[in-house]
Amino acid sequence: MGSIDGALLDFKRMERLAAGETALHRLDPRAKLLATFVFIGIVISFDNYAVTALTPFFIFPVVMATLGGLPPRYLIRKIALLSPFALVVGLFNPLFDREVLLQLGGIGITGGWLSFASIALRALLTISSALILVGVTGFTPLCRALEQLGTPRLFVVQLLFLYRYLFILTDEGIRLSRARGLRSFGGRGLGIGSFAPLVGHLLLRTWSRAERIHGAMLARGFSGEFHPSRECRFGAKELLFLGGWSALFVILRLYNLPQLLGTLVTGIQP
Amino acid sequence: MSHHIVEVKNLRHVYPDGGAALQNVSFRITHGESVAIIGANGAGKSTLLLHLNGALLATDGEVRIGDLPLTKKTLPAIRRTVGMVFQDPDDQLFMPTVHDDVAFGPLNLGLTGPEVEQRVHDALERVGVEHLRNKAPYNLSGGEKKRVAIATVLAMSPDILVMDEPTSGLDPFARRQLMGLLREFRHTKIFTSHDLDMVLDLCERTIVLHEGGIMADGPTLELFRDEELLSRCRLEKPLSLQGCPVCGSPARTS
(Lines give C-alpha, C1' and ligand atoms only; values in the text may rest on other atoms or scores of the structure.)
Protein backbone atom coordinates (compact mmCIF):
# COMPACT_ATOMS: atom_id res chain seq x y z
CA MET A 1 0.00 0.00 0.00
CA GLY A 2 2.28 2.69 -1.33
CA SER A 3 -0.17 5.50 -0.73
CA ILE A 4 -0.25 5.17 3.06
CA ASP A 5 3.52 4.88 3.06
CA GLY A 6 3.76 8.00 0.93
CA ALA A 7 1.36 10.00 3.06
CA LEU A 8 3.33 9.12 6.16
CA LEU A 9 6.62 10.07 4.57
CA ASP A 10 5.04 13.37 3.56
CA PHE A 11 4.07 14.01 7.16
CA LYS A 12 7.53 13.23 8.34
CA ARG A 13 8.96 15.55 5.73
CA MET A 14 6.75 18.33 7.08
CA GLU A 15 8.21 17.72 10.54
CA ARG A 16 11.72 17.88 9.16
CA LEU A 17 11.00 21.13 7.35
CA ALA A 18 9.55 22.56 10.53
CA ALA A 19 12.82 21.82 12.32
CA GLY A 20 14.65 24.30 10.04
CA GLU A 21 16.77 27.10 11.37
CA THR A 22 15.72 30.18 9.40
CA ALA A 23 14.85 33.49 11.08
CA LEU A 24 11.21 32.68 10.38
CA HIS A 25 11.50 29.34 12.19
CA ARG A 26 13.00 31.04 15.22
CA LEU A 27 10.16 33.52 15.49
CA ASP A 28 7.79 32.91 18.40
CA PRO A 29 5.05 30.52 17.18
CA ARG A 30 2.40 32.83 18.61
CA ALA A 31 3.34 35.61 16.20
CA LYS A 32 3.09 33.28 13.20
CA LEU A 33 -0.14 31.75 14.44
CA LEU A 34 -1.80 35.12 15.03
CA ALA A 35 -0.60 36.55 11.71
CA THR A 36 -2.06 33.53 9.93
CA PHE A 37 -5.33 33.90 11.83
CA VAL A 38 -5.56 37.55 10.81
CA PHE A 39 -4.73 36.58 7.24
CA ILE A 40 -7.38 33.88 7.05
CA GLY A 41 -9.95 36.08 8.79
CA ILE A 42 -9.45 38.92 6.34
CA VAL A 43 -9.37 36.67 3.28
CA ILE A 44 -12.72 35.10 4.14
CA SER A 45 -14.26 38.48 5.00
CA PHE A 46 -14.36 39.52 1.31
CA ASP A 47 -17.72 39.47 -0.45
CA ASN A 48 -18.79 36.58 -2.69
CA TYR A 49 -17.64 38.01 -5.98
CA ALA A 50 -14.24 39.36 -4.95
CA VAL A 51 -11.54 38.04 -7.28
CA THR A 52 -9.07 40.75 -8.21
CA ALA A 53 -8.94 42.15 -4.70
CA LEU A 54 -7.82 38.71 -3.42
CA THR A 55 -4.85 38.30 -5.73
CA PRO A 56 -2.41 40.57 -3.85
CA PHE A 57 -2.87 38.39 -0.77
CA PHE A 58 -0.69 35.72 -2.39
CA ILE A 59 2.23 37.80 -1.22
CA PHE A 60 1.84 36.30 2.28
CA PRO A 61 2.20 32.58 1.43
CA VAL A 62 4.85 33.32 -1.18
CA VAL A 63 7.01 35.42 1.15
CA MET A 64 6.54 33.03 4.07
CA ALA A 65 7.43 29.96 2.01
CA THR A 66 10.50 31.70 0.59
CA LEU A 67 11.74 32.97 3.94
CA GLY A 68 11.06 29.60 5.54
CA GLY A 69 12.94 27.76 2.78
CA LEU A 70 10.00 25.45 2.02
CA PRO A 71 10.34 23.64 -1.33
CA PRO A 72 7.60 25.04 -3.64
CA ARG A 73 7.00 21.72 -5.42
CA TYR A 74 6.26 19.92 -2.20
CA LEU A 75 3.85 22.67 -1.13
CA ILE A 76 2.05 22.71 -4.46
CA ARG A 77 1.57 18.96 -4.28
CA LYS A 78 0.11 19.20 -0.79
CA ILE A 79 -2.18 22.06 -1.77
CA ALA A 80 -3.34 20.17 -4.84
CA LEU A 81 -4.19 17.23 -2.59
CA LEU A 82 -6.36 19.33 -0.31
CA SER A 83 -8.02 21.83 -2.66
CA PRO A 84 -10.57 19.47 -4.28
CA PHE A 85 -12.49 19.42 -0.98
CA ALA A 86 -12.81 23.18 -1.09
CA LEU A 87 -13.60 23.28 -4.79
CA VAL A 88 -16.55 20.92 -4.37
CA VAL A 89 -18.13 23.59 -2.17
CA GLY A 90 -18.24 26.01 -5.09
CA LEU A 91 -18.94 23.44 -7.77
CA PHE A 92 -22.61 24.27 -8.24
CA ASN A 93 -22.30 28.05 -8.12
CA PRO A 94 -21.90 28.44 -11.93
CA LEU A 95 -25.09 26.38 -12.45
CA PHE A 96 -27.30 28.31 -10.08
CA ASP A 97 -26.06 31.88 -10.42
CA ARG A 98 -26.35 32.69 -14.12
CA GLU A 99 -26.61 36.45 -13.95
CA VAL A 100 -23.94 38.04 -16.15
CA LEU A 101 -21.88 40.42 -14.04
CA LEU A 102 -18.86 41.09 -16.19
CA GLN A 103 -18.02 41.43 -19.86
CA LEU A 104 -14.56 40.25 -20.74
CA GLY A 105 -13.74 40.75 -24.43
CA GLY A 106 -17.31 39.98 -25.47
CA ILE A 107 -17.71 36.92 -23.27
CA GLY A 108 -20.20 37.36 -20.48
CA ILE A 109 -18.98 36.04 -17.15
CA THR A 110 -21.76 35.04 -14.80
CA GLY A 111 -21.85 35.67 -11.07
CA GLY A 112 -21.62 31.92 -10.53
CA TRP A 113 -18.26 31.65 -12.22
CA LEU A 114 -17.01 34.71 -10.35
CA SER A 115 -18.00 33.32 -6.98
CA PHE A 116 -16.51 29.96 -7.95
CA ALA A 117 -13.23 31.67 -8.79
CA SER A 118 -13.42 33.57 -5.53
CA ILE A 119 -13.92 30.37 -3.54
CA ALA A 120 -11.05 28.71 -5.39
CA LEU A 121 -8.73 31.63 -4.65
CA ARG A 122 -9.72 31.70 -1.02
CA ALA A 123 -9.17 27.96 -0.74
CA LEU A 124 -5.70 28.32 -2.24
CA LEU A 125 -4.83 31.20 0.06
CA THR A 126 -6.08 29.67 3.29
CA ILE A 127 -4.81 26.14 2.64
CA SER A 128 -1.38 27.34 1.60
CA SER A 129 -1.04 29.71 4.54
CA ALA A 130 -2.08 27.02 7.02
CA LEU A 131 0.31 24.49 5.48
CA ILE A 132 3.14 26.99 5.52
CA LEU A 133 2.38 27.84 9.13
CA VAL A 134 2.84 24.19 10.10
CA GLY A 135 5.88 23.94 7.82
CA VAL A 136 7.74 26.81 9.45
CA THR A 137 6.62 26.16 13.00
CA GLY A 138 5.92 22.48 13.58
CA PHE A 139 2.86 20.94 15.13
CA THR A 140 4.06 20.71 18.71
CA PRO A 141 5.16 24.38 19.00
CA LEU A 142 1.85 25.40 17.41
CA CYS A 143 -0.06 23.52 20.07
CA ARG A 144 2.05 25.22 22.68
CA ALA A 145 1.27 28.60 21.14
CA LEU A 146 -2.43 27.76 21.26
CA GLU A 147 -2.07 26.97 24.93
CA GLN A 148 -0.18 30.18 25.65
CA LEU A 149 -2.92 32.10 23.88
CA GLY A 150 -5.50 30.71 26.25
CA THR A 151 -6.78 27.48 24.69
CA PRO A 152 -7.65 25.05 27.51
CA ARG A 153 -4.81 22.62 28.10
CA LEU A 154 -7.12 19.64 27.81
CA PHE A 155 -7.79 20.44 24.14
CA VAL A 156 -4.15 21.09 23.43
CA VAL A 157 -3.00 17.81 24.93
CA GLN A 158 -5.74 16.03 22.97
CA LEU A 159 -4.46 17.62 19.78
CA LEU A 160 -0.88 16.64 20.54
CA PHE A 161 -1.85 13.05 21.21
CA LEU A 162 -4.01 12.94 18.13
CA TYR A 163 -0.97 13.93 16.12
CA ARG A 164 1.27 11.34 17.80
CA TYR A 165 -1.30 8.58 17.43
CA LEU A 166 -1.65 9.39 13.77
CA PHE A 167 1.93 8.25 13.16
CA ILE A 168 1.45 5.12 15.25
CA LEU A 169 -1.83 4.26 13.57
CA THR A 170 -0.43 4.65 10.06
CA ASP A 171 2.68 2.69 10.97
CA GLU A 172 0.63 -0.23 12.26
CA GLY A 173 -1.71 0.10 9.29
CA ILE A 174 1.15 -0.16 6.83
CA ARG A 175 2.43 -3.32 8.48
CA LEU A 176 -0.98 -4.96 8.56
CA SER A 177 -1.81 -4.17 4.97
CA ARG A 178 1.63 -5.30 3.84
CA ALA A 179 1.14 -8.61 5.65
CA ARG A 180 -2.25 -9.02 3.99
CA GLY A 181 -0.92 -8.02 0.59
CA LEU A 182 1.95 -10.50 0.76
CA ARG A 183 -0.38 -13.39 1.36
CA SER A 184 -3.10 -12.46 -1.11
CA PHE A 185 -0.76 -12.77 -4.12
CA GLY A 186 -1.98 -9.78 -6.05
CA GLY A 187 -5.60 -10.86 -5.77
CA ARG A 188 -8.24 -9.47 -3.48
CA GLY A 189 -7.36 -11.74 -0.60
CA LEU A 190 -10.55 -12.78 1.15
CA GLY A 191 -12.23 -9.65 -0.14
CA ILE A 192 -14.18 -7.28 1.99
CA GLY A 193 -14.77 -9.99 4.62
CA SER A 194 -11.19 -9.79 5.85
CA PHE A 195 -11.33 -6.07 6.49
CA ALA A 196 -13.49 -6.11 9.61
CA PRO A 197 -11.06 -8.24 11.63
CA LEU A 198 -8.20 -6.27 10.06
CA VAL A 199 -9.56 -2.98 11.35
CA GLY A 200 -10.37 -4.48 14.75
CA HIS A 201 -6.87 -5.82 14.93
CA LEU A 202 -5.46 -2.46 14.00
CA LEU A 203 -7.36 -0.81 16.83
CA LEU A 204 -6.12 -3.34 19.38
CA ARG A 205 -2.53 -3.14 18.19
CA THR A 206 -2.57 0.63 18.22
CA TRP A 207 -4.15 0.54 21.62
CA SER A 208 -1.48 -1.61 23.20
CA ARG A 209 1.30 0.37 21.57
CA ALA A 210 -0.23 3.61 22.76
CA GLU A 211 -0.35 2.12 26.23
CA ARG A 212 3.32 1.24 26.08
CA ILE A 213 4.19 4.75 24.92
CA HIS A 214 2.09 6.21 27.68
CA GLY A 215 3.99 3.99 30.09
CA ALA A 216 7.26 5.34 28.73
CA MET A 217 6.01 8.88 29.18
CA LEU A 218 4.95 8.23 32.74
CA ALA A 219 8.29 6.60 33.46
CA ARG A 220 9.89 9.90 32.58
CA GLY A 221 7.71 11.96 34.85
CA PHE A 222 4.96 13.03 32.45
CA SER A 223 2.16 14.71 34.37
CA GLY A 224 -0.11 15.94 31.59
CA GLU A 225 1.98 18.91 30.64
CA PHE A 226 4.28 19.44 27.68
CA HIS A 227 7.16 21.76 28.38
CA PRO A 228 8.67 23.95 25.70
CA SER A 229 12.20 22.89 24.85
CA ARG A 230 12.89 25.92 22.70
CA GLU A 231 12.50 29.02 24.82
CA CYS A 232 10.28 31.54 23.07
CA ARG A 233 9.75 35.15 23.79
CA PHE A 234 7.26 37.51 22.27
CA GLY A 235 9.65 40.40 21.63
CA ALA A 236 10.09 43.33 19.26
CA LYS A 237 10.71 41.06 16.25
CA GLU A 238 7.46 39.21 16.84
CA LEU A 239 5.55 42.45 17.32
CA LEU A 240 7.00 43.86 14.11
CA PHE A 241 6.15 40.65 12.22
CA LEU A 242 2.58 40.54 13.45
CA GLY A 243 1.99 44.30 13.17
CA GLY A 244 3.54 44.56 9.72
CA TRP A 245 1.57 41.73 8.18
CA SER A 246 -1.69 42.75 9.87
CA ALA A 247 -1.31 46.34 8.63
CA LEU A 248 -0.65 45.08 5.10
CA PHE A 249 -3.70 42.80 5.20
CA VAL A 250 -5.92 45.64 6.42
CA ILE A 251 -4.64 47.96 3.68
CA LEU A 252 -5.23 45.27 1.06
CA ARG A 253 -8.70 44.71 2.48
CA LEU A 254 -9.61 48.40 2.31
CA TYR A 255 -8.06 49.21 -1.07
CA ASN A 256 -8.35 47.02 -4.14
CA LEU A 257 -4.71 47.24 -5.20
CA PRO A 258 -5.01 45.68 -8.69
CA GLN A 259 -7.89 48.04 -9.47
CA LEU A 260 -5.94 51.07 -8.26
CA LEU A 261 -2.97 50.02 -10.36
CA GLY A 262 -5.21 49.55 -13.37
CA THR A 263 -6.70 52.99 -12.88
CA LEU A 264 -3.27 54.48 -12.55
CA VAL A 265 -2.01 52.87 -15.74
CA THR A 266 -5.07 53.23 -17.97
CA GLY A 267 -6.64 56.30 -16.43
CA ILE A 268 -10.13 54.72 -16.66
CA GLN A 269 -12.27 54.97 -13.53
CA PRO A 270 -14.28 51.81 -12.83
CA MET B 1 23.34 5.18 49.62
CA SER B 2 20.30 3.18 50.55
CA HIS B 3 18.19 4.53 47.71
CA HIS B 4 20.06 2.29 45.27
CA ILE B 5 18.54 -0.80 46.80
CA VAL B 6 15.77 -2.74 45.10
CA GLU B 7 13.83 -5.09 47.32
CA VAL B 8 10.97 -7.31 46.20
CA LYS B 9 9.05 -9.32 48.79
CA ASN B 10 6.56 -12.09 47.98
CA LEU B 11 5.49 -10.34 44.81
CA ARG B 12 2.47 -11.79 43.06
CA HIS B 13 0.84 -10.44 39.97
CA VAL B 14 -2.39 -11.61 38.41
CA TYR B 15 -3.43 -10.15 35.07
CA PRO B 16 -7.01 -8.96 34.67
CA ASP B 17 -7.79 -12.05 32.58
CA GLY B 18 -6.95 -14.21 35.61
CA GLY B 19 -3.55 -15.48 34.46
CA ALA B 20 -0.96 -15.43 37.25
CA ALA B 21 2.23 -13.97 35.81
CA LEU B 22 4.30 -13.86 38.98
CA GLN B 23 4.06 -15.65 42.27
CA ASN B 24 6.06 -15.46 45.42
CA VAL B 25 8.98 -13.57 43.90
CA SER B 26 11.46 -12.21 46.44
CA PHE B 27 14.94 -10.79 46.03
CA ARG B 28 17.12 -7.94 47.17
CA ILE B 29 19.54 -6.11 44.92
CA THR B 30 22.03 -3.81 46.57
CA HIS B 31 23.94 -0.74 45.47
CA GLY B 32 26.12 -1.13 42.37
CA GLU B 33 25.10 -4.70 41.63
CA SER B 34 24.57 -5.78 38.05
CA VAL B 35 21.86 -8.41 37.91
CA ALA B 36 20.33 -10.32 35.01
CA ILE B 37 16.83 -11.71 35.08
CA ILE B 38 16.61 -14.59 32.63
CA GLY B 39 14.00 -17.13 31.71
CA ALA B 40 12.06 -18.60 28.81
CA ASN B 41 9.43 -16.68 26.87
CA GLY B 42 6.45 -16.05 29.10
CA ALA B 43 8.40 -16.72 32.30
CA GLY B 44 7.38 -13.31 33.66
CA LYS B 45 10.54 -11.28 33.06
CA SER B 46 8.88 -8.26 31.50
CA THR B 47 6.05 -8.31 34.02
CA LEU B 48 8.58 -8.28 36.82
CA LEU B 49 10.47 -5.34 35.31
CA LEU B 50 7.29 -3.34 34.91
CA HIS B 51 6.78 -3.61 38.67
CA LEU B 52 10.09 -1.97 39.42
CA ASN B 53 8.97 1.48 38.36
CA GLY B 54 5.29 1.11 39.03
CA ALA B 55 4.09 0.64 35.46
CA LEU B 56 2.29 -2.35 36.98
CA LEU B 57 1.22 -2.57 40.60
CA ALA B 58 1.53 -5.75 42.62
CA THR B 59 -1.54 -7.84 43.31
CA ASP B 60 0.15 -9.03 46.50
CA GLY B 61 3.50 -8.44 48.11
CA GLU B 62 5.74 -5.43 48.15
CA VAL B 63 8.32 -3.63 46.06
CA ARG B 64 10.70 -1.25 47.83
CA ILE B 65 13.10 1.08 46.10
CA GLY B 66 15.59 2.39 48.64
CA ASP B 67 13.62 3.49 51.67
CA LEU B 68 10.33 3.87 49.84
CA PRO B 69 7.64 1.23 49.40
CA LEU B 70 6.18 1.48 45.91
CA THR B 71 2.72 3.00 46.21
CA LYS B 72 0.75 5.48 44.13
CA LYS B 73 2.01 8.24 46.40
CA THR B 74 5.69 7.45 46.02
CA LEU B 75 5.48 6.85 42.26
CA PRO B 76 6.99 10.19 41.15
CA ALA B 77 9.97 9.80 43.46
CA ILE B 78 10.47 6.19 42.42
CA ARG B 79 10.27 6.95 38.73
CA ARG B 80 12.99 9.52 39.24
CA THR B 81 15.18 6.87 40.89
CA VAL B 82 14.52 4.00 38.51
CA GLY B 83 15.31 4.63 34.86
CA MET B 84 13.56 2.15 32.60
CA VAL B 85 14.71 1.41 29.06
CA PHE B 86 12.03 -0.46 27.13
CA GLN B 87 12.68 -3.32 24.76
CA ASP B 88 11.38 -1.52 21.68
CA PRO B 89 12.98 1.92 21.41
CA ASP B 90 10.07 3.00 19.22
CA ASP B 91 7.90 2.86 22.32
CA GLN B 92 10.26 5.14 24.13
CA LEU B 93 10.96 7.82 21.57
CA PHE B 94 7.87 9.86 20.94
CA MET B 95 9.03 13.44 20.48
CA PRO B 96 9.80 15.06 17.12
CA THR B 97 13.58 15.22 17.58
CA VAL B 98 16.23 13.37 19.55
CA HIS B 99 16.96 16.53 21.51
CA ASP B 100 13.30 17.02 22.49
CA ASP B 101 13.01 13.41 23.47
CA VAL B 102 16.04 13.50 25.75
CA ALA B 103 14.88 16.84 27.18
CA PHE B 104 11.42 15.45 27.95
CA GLY B 105 12.38 13.81 31.24
CA PRO B 106 14.47 16.69 32.67
CA LEU B 107 11.73 19.18 31.74
CA ASN B 108 9.21 17.05 33.58
CA LEU B 109 11.53 17.09 36.59
CA GLY B 110 11.10 20.85 36.61
CA LEU B 111 14.54 21.80 35.26
CA THR B 112 14.82 24.74 32.89
CA GLY B 113 16.96 26.33 30.17
CA PRO B 114 20.72 25.78 30.47
CA GLU B 115 20.35 22.99 33.01
CA VAL B 116 18.23 20.98 30.61
CA GLU B 117 20.64 21.68 27.75
CA GLN B 118 23.52 20.48 29.90
CA ARG B 119 21.72 17.27 30.78
CA VAL B 120 20.76 16.60 27.16
CA HIS B 121 24.32 17.25 26.03
CA ASP B 122 25.84 15.04 28.74
CA ALA B 123 23.42 12.18 28.16
CA LEU B 124 23.86 12.19 24.38
CA GLU B 125 27.63 12.43 24.67
CA ARG B 126 27.69 9.61 27.18
CA VAL B 127 26.13 7.24 24.67
CA GLY B 128 28.06 8.75 21.76
CA VAL B 129 25.25 10.17 19.66
CA GLU B 130 25.62 13.92 20.23
CA HIS B 131 25.70 14.39 16.44
CA LEU B 132 22.15 13.05 16.12
CA ARG B 133 20.56 15.64 18.41
CA ASN B 134 18.51 17.36 15.72
CA LYS B 135 17.43 14.22 13.88
CA ALA B 136 13.99 12.71 14.05
CA PRO B 137 13.97 9.42 16.00
CA TYR B 138 12.20 7.53 13.21
CA ASN B 139 15.13 8.23 10.87
CA LEU B 140 17.69 6.47 13.06
CA SER B 141 19.04 2.94 12.77
CA GLY B 142 18.19 0.33 15.40
CA GLY B 143 21.47 0.74 17.28
CA GLU B 144 21.21 4.52 17.27
CA LYS B 145 17.63 4.35 18.53
CA LYS B 146 18.71 2.11 21.36
CA ARG B 147 21.43 4.55 22.37
CA VAL B 148 19.06 7.50 22.25
CA ALA B 149 16.53 5.54 24.31
CA ILE B 150 19.25 4.99 26.92
CA ALA B 151 20.16 8.69 26.77
CA THR B 152 16.54 9.68 27.45
CA VAL B 153 16.76 7.72 30.68
CA LEU B 154 20.29 8.82 31.64
CA ALA B 155 19.23 12.46 31.30
CA MET B 156 17.07 12.00 34.37
CA SER B 157 20.15 10.78 36.29
CA PRO B 158 18.52 7.70 37.78
CA ASP B 159 20.25 5.66 40.49
CA ILE B 160 19.01 2.38 39.13
CA LEU B 161 19.00 1.40 35.48
CA VAL B 162 16.46 -1.19 34.37
CA MET B 163 16.64 -2.51 30.81
CA ASP B 164 14.40 -4.95 28.99
CA GLU B 165 16.42 -6.95 26.44
CA PRO B 166 19.12 -4.32 25.82
CA THR B 167 20.85 -6.22 23.01
CA SER B 168 17.84 -7.57 21.13
CA GLY B 169 17.71 -6.61 17.48
CA LEU B 170 21.21 -5.17 17.35
CA ASP B 171 23.92 -6.19 14.91
CA PRO B 172 27.03 -7.78 16.47
CA PHE B 173 29.06 -4.57 16.34
CA ALA B 174 26.31 -2.43 17.88
CA ARG B 175 25.81 -5.12 20.51
CA ARG B 176 29.49 -5.03 21.46
CA GLN B 177 29.44 -1.22 21.61
CA LEU B 178 26.37 -1.24 23.80
CA MET B 179 27.88 -3.80 26.13
CA GLY B 180 30.98 -1.64 26.47
CA LEU B 181 28.78 1.30 27.29
CA LEU B 182 26.74 -0.58 29.88
CA ARG B 183 29.88 -1.88 31.55
CA GLU B 184 30.98 1.70 32.26
CA PHE B 185 27.81 2.63 34.10
CA ARG B 186 28.17 2.69 37.86
CA HIS B 187 24.43 2.46 38.48
CA THR B 188 22.68 -0.48 40.01
CA LYS B 189 21.77 -2.38 36.85
CA ILE B 190 18.98 -4.84 36.21
CA PHE B 191 18.62 -6.47 32.78
CA THR B 192 16.39 -9.07 31.28
CA SER B 193 17.84 -10.90 28.34
CA HIS B 194 17.98 -14.01 26.22
CA ASP B 195 21.52 -13.04 25.29
CA LEU B 196 23.24 -15.19 27.89
CA ASP B 197 26.71 -14.35 26.61
CA MET B 198 26.01 -10.73 27.37
CA VAL B 199 24.71 -11.71 30.78
CA LEU B 200 27.89 -13.62 31.44
CA ASP B 201 29.98 -10.59 30.47
CA LEU B 202 28.04 -7.93 32.33
CA CYS B 203 26.28 -9.43 35.30
CA GLU B 204 27.89 -11.07 38.27
CA ARG B 205 24.52 -12.22 39.55
CA THR B 206 21.60 -13.87 37.80
CA ILE B 207 18.03 -14.59 38.77
CA VAL B 208 16.34 -17.38 36.81
CA LEU B 209 12.58 -17.13 36.44
CA HIS B 210 10.45 -20.09 35.50
CA GLU B 211 6.67 -19.98 35.14
CA GLY B 212 6.35 -16.89 37.28
CA GLY B 213 8.55 -17.99 40.15
CA ILE B 214 12.25 -17.76 41.00
CA MET B 215 14.06 -21.00 40.14
CA ALA B 216 17.54 -19.88 41.09
CA ASP B 217 19.36 -16.79 42.26
CA GLY B 218 23.13 -16.74 42.47
CA PRO B 219 26.48 -16.03 40.82
CA THR B 220 26.04 -16.06 37.04
CA LEU B 221 28.85 -18.45 36.20
CA GLU B 222 27.73 -20.96 38.80
CA LEU B 223 24.18 -21.03 37.46
CA PHE B 224 25.29 -21.28 33.86
CA ARG B 225 27.35 -24.38 34.64
CA ASP B 226 24.25 -26.12 36.00
CA GLU B 227 22.99 -27.71 32.81
CA GLU B 228 20.17 -29.51 34.54
CA LEU B 229 18.78 -26.23 35.89
CA LEU B 230 19.10 -24.50 32.54
CA SER B 231 17.33 -27.17 30.55
CA ARG B 232 14.54 -27.37 33.15
CA CYS B 233 13.96 -23.65 32.54
CA ARG B 234 14.11 -24.00 28.74
CA LEU B 235 17.51 -22.33 28.61
CA GLU B 236 20.90 -23.25 27.21
CA LYS B 237 24.50 -22.67 28.19
CA PRO B 238 25.83 -19.49 26.62
CA LEU B 239 27.99 -20.17 23.55
CA SER B 240 31.15 -19.03 25.27
CA LEU B 241 30.70 -21.81 27.83
CA GLN B 242 30.24 -24.48 25.15
CA GLY B 243 33.11 -26.15 23.37
CA CYS B 244 33.82 -25.07 19.81
CA PRO B 245 31.73 -27.25 17.41
CA VAL B 246 34.24 -26.75 14.57
CA CYS B 247 37.73 -27.07 16.03
CA GLY B 248 36.74 -28.88 19.23
CA SER B 249 38.61 -26.50 21.49
CA PRO B 250 37.38 -26.60 25.09
CA ALA B 251 34.95 -24.11 26.60
CA ARG B 252 36.10 -21.15 28.62
CA THR B 253 36.24 -21.88 32.29
CA SER B 254 36.03 -18.52 33.97
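Side chains are part of it too, since the values below use all heavy atoms of this structure and drop only hydrogens, waters and symmetry mates.
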| said: For the CG atom of B:Leu75 and the CG atom of A:Leu218, what is their distance to the nearest 0.5 Å? | reply: 8.5 Å
| note | Heavy-atom nearest pair, B:Asp90 first then A:Ile213, reads O-CD1, 4.4 Å
| query | For atom CZ of A:Phe155, is the number of surrounding heavy atoms from other residues, nucleotides or ligands below 6.0 Å larger than 12? | reply | no
| field | Neighbour count >12 (heavy atoms, 6.0 Å) for atom OH, B:Tyr15 | value | yes
| Just wondering, are more than 12 heavy atoms of other shown residues or ligands nearer than 6.0 Å to CZ in B:Arg126? | yes
| task | Please name the pair of heavy atoms, one in B:Gln92 and one in A:Ala216, separated by the smallest distance, quoted to 0.1 Å. | result | CA-CB, 4.0 Å
| task | Might you point out which heavy atoms bring B:Asp91 and A:Arg212 nearest each other, and give the distance in Å? | result | OD2-NE, 2.5 Å
| field | Under 4.5 Å from any heavy atom of chain A - which part of B:Asp88 | value | side chain
| query | Ion pair present between A:Arg220 and B:Asp101, side-chain N to carboxylate O less than 4.0 angstrom? | reply | yes
